[in-house]
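It should be emphasised that the depicted structure is a prediction, and the values quoted were computed from it without experimental measurement.
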Amino acid sequence: MKKTIALWAALTAVALLVTGCAAEEPEAAVAPAKTTAPAVEPSAGHKAPEAPGGATAAAYRRWGLKPFAAPPAPPATKPVTREPGGPVPVISEIPTSEKIVFITIDDGAEKDPEFVAMMKDLKVPVTMFLTDSAIRADYGYFAPLVAQGHGLANHTLTHPNLRTLPKDAQRREICGQQTKLAKRYGTAPRLFRPPYGNWNEATRAAAGECDVDAIVLWRESMQIKNMQYQRGDKKLHPGDIILAHFRGPSELKGRTMTEMTATMLRRIQEQGFTVARLEDYV
């Protein structure tokens, strides 16, 4: 009998070692390494969020998700740049063969504290294109997101259709928001998105005068439960820029912003993509 018990104990110990069940390492010990990309633009003073793969599986499970693979290291030379004194580039995607996409979130009307917690947990980089008229009631809401390293970008003062305005008025909308965001968050944005995606050459000239490095449009937009695609194949492509909005239950038919975000992340994963940081490529 004693020999039987001893044999059973030995076999159990071997099984535990093989499966790893005996180990109780803290989550941080098994998390993948952080991306080697530069933290942020030097003027920002904030570090970039870790790569999506840097968050733990437990953090993802809290939001009903599976962890993303870490994105590849950013290129040594950014593929989208503005030549000194040249026109501002207008982009809807980043030229790359890597299976990465970029998440951008507009306006700033919805201020769900759970979204801040979600972004802290998941460490998925996003770029926020903020409109002053939408955020002025609570500038402080966005401070922890900026501190987490998410991109801060310009979406005008009052969200007008810029194509209906003369260049001087467009300049006031763009430069005015540059100034306000720099004052509130300590860094002037380099990226700009025109409301509704509407722009003309006057927009481009005004943006250049406001020290914008790129006008950022999009290839897909996240709706309540599904992506809306511009291309006929209705698929993500490497380097695509995805548009979402700070929206809540009143605009999402009862769903919360975190539910919408989780659905968007699942749609990205289903197609075999991971998320990279836009500012590392522009």
Query raised in the report: Any chance the side chains of Thr158 and Glu173 put a donor and an acceptor closer than 3.5 Å?
Result: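 Judged by distance alone, the side chains do pair up.
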Query raised in the report: Do Thr256 and Thr258 have side-chain atoms, one donor and one acceptor, less than 3.5 Å apart?
Result: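 Yes, side-chain donor-acceptor contact under 3.5 Å.
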**Report entry** ring pair (Phe, Tyr, Trp, His ring centres under 6.0 Å) pairs, two or more places apart, involving residues 220-278
**Finding:**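 Output for this query lists Phe115-Phe246, Phe142-Phe246.
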Sidechain-backbone polar pair: [X] side chain, [Y] backbone, donor-acceptor under 3.5 Å:
{"X": "Asp107", "Y": "Ala109", "answer": "no"}
{"X": "Tyr185", "Y": "Ala143", "answer": "no"}
{"X": "Gln178", "Y": "Cys210", "answer": "yes"}
{"X": "Arg266", "Y": "Gly64", "answer": "yes"}
{"X": "Glu114", "Y": "Met257", "answer": "no"}
{"X": "Arg82", "Y": "Val212", "answer": "yes"}
{"X": "Gln170", "Y": "Leu165", "answer": "yes"}
{"X": "Glu93", "Y": "Pro238", "answer": "no"}
{"X": "Thr104", "Y": "Ile242", "answer": "yes"}
{"X": "Arg193", "Y": "Val216", "answer": "yes"}

Query raised in the report: Of Asp211, Asn154, Asp213, which is the lone residue that meets side-chain hydrogen bond (donor to acceptor under 3.5 Å, both in side chains) with Arg190?
Result: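 With Arg190 as partner, side-chain hydrogen bond (donor to acceptor under 3.5 Å, both in side chains) holds for just one option, Asp213.
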Is the shortest side-chain heavy-atom distance between [X] and [Y] below 4.5 Å?
{"X": "Ile94", "Y": "Val80", "result": "yes"}
{"X": "Asp132", "Y": "Tyr139", "result": "yes"}
{"X": "Ile268", "Y": "Glu270", "result": "no"}
{"X": "Ile215", "Y": "Pro194", "result": "yes"}

Report task. Indicate yes or no: does Asp240 engage Arg231 in a salt bridge with an N to O separation below 4.0 Å. Result ->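 Judged by the 4.0 Å cut-off on N to carboxylate O distance, Asp240 and Arg231 do form a salt bridge.
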**Report entry** Ion pair check, Arg267 and Glu220, cut-off under 4.0 Å
**Finding:**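 Salt bridge absent between Arg267 and Glu220.
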Give, for atom [atom1] of [X] and atom [atom2] of [Y], the distance between the pair rounded to the nearest 0.5 Å.
{"X": "Gln230", "Y": "Leu217", "atom1": "CD", "atom2": "CG", "result": "8.5 Å"}
{"X": "Ile241", "Y": "Ser221", "atom1": "CD1", "atom2": "OG", "result": "13.5 Å"}
{"X": "Glu251", "Y": "Arg255", "atom1": "CD", "atom2": "CZ", "result": "14.5 Å"}
{"X": "Ile135", "Y": "Leu130", "atom1": "CD1", "atom2": "CG", "result": "5.0 Å"}
{"X": "Leu252", "Y": "Arg247", "atom1": "CG", "atom2": "CZ", "result": "7.0 Å"}
{"X": "Met222", "Y": "Thr263", "atom1": "CE", "atom2": "OG1", "result": "5.0 Å"}

Requested in this report: Quick one: do Ile100 and Tyr281 satisfy side-chain contact (heavy atoms from CB on, under 4.5 Å)? Show the steps, please.
Outcome: CA-CA 11 Å; Ile100 55 174; Tyr281 290 77; 3.4 Å; yes
How close do [X] and [Y] get, heavy atom to heavy atom, and via which atoms?
{"X": "Val282", "Y": "Ala214", "result": "CG1-CB, 3.6 Å"}
{"X": "Ile174", "Y": "Ala206", "result": "CD1-CB, 4.2 Å"}
{"X": "Ala57", "Y": "Pro67", "result": "CA-CG, 3.7 Å"}
{"X": "Gln269", "Y": "Lys66", "result": "NE2-O, 2.7 Å"}
{"X": "Ala153", "Y": "Pro189", "result": "CA-CB, 3.7 Å"}

Cluster overlap [X] with [Y], hydrophobic side-chain contacts below 4.5 Å:
{"X": "Tyr196", "Y": "Phe129", "answer": "no"}
{"X": "Leu152", "Y": "Leu157", "answer": "no"}
{"X": "Met227", "Y": "Met260", "answer": "yes"}

Requested in this report: With sequence neighbours left out, write down each residue that passes ring pair (Phe, Tyr, Trp, His ring centres under 6.0 Å) with Phe192, or none if nothing qualifies.
Outcome: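 Scan of Phe192 (ring pair (Phe, Tyr, Trp, His ring centres under 6.0 Å), adjacent residues dropped) gives none.
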Query raised in the report: Is Lys120 atom NZ crowded by more than 12 heavy atoms from other residues, nucleotides or ligands, each under 6.0 Å away?
Result: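 Open: at most 12 neighbouring heavy atoms sit under 6.0 Å from NZ of Lys120.
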Query raised in the report: NZ of Lys111: more than 12 outside heavy atoms within 6.0 angstrom?
Result: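 Atom NZ in Lys111 is packed in, count exceeds 12.
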Query raised in the report: Could you walk me through whether Met128 and Val146 pass the side-chain contact (heavy atoms from CB on, under 4.5 Å) check?
Result: CA-CA 9 Å; Met128 304 176 292; Val146 173; 3.9 Å; yes
Requested in this report: Decide yes or no on side-chain contact (heavy atoms from CB on, under 4.5 Å) for Thr261 and Val124, but give the supporting numbers first.
Outcome: CA-CA 11 Å; Thr261 302; Val124 174; over 6 Å; no
Report task. Could you please spell out the steps behind the side-chain contact (heavy atoms from CB on, under 4.5 Å) verdict for Ile103 and Leu265? Result -> CA-CA 9 Å; Ile103 295 175; Leu265 297 177; 3.7 Å; yes
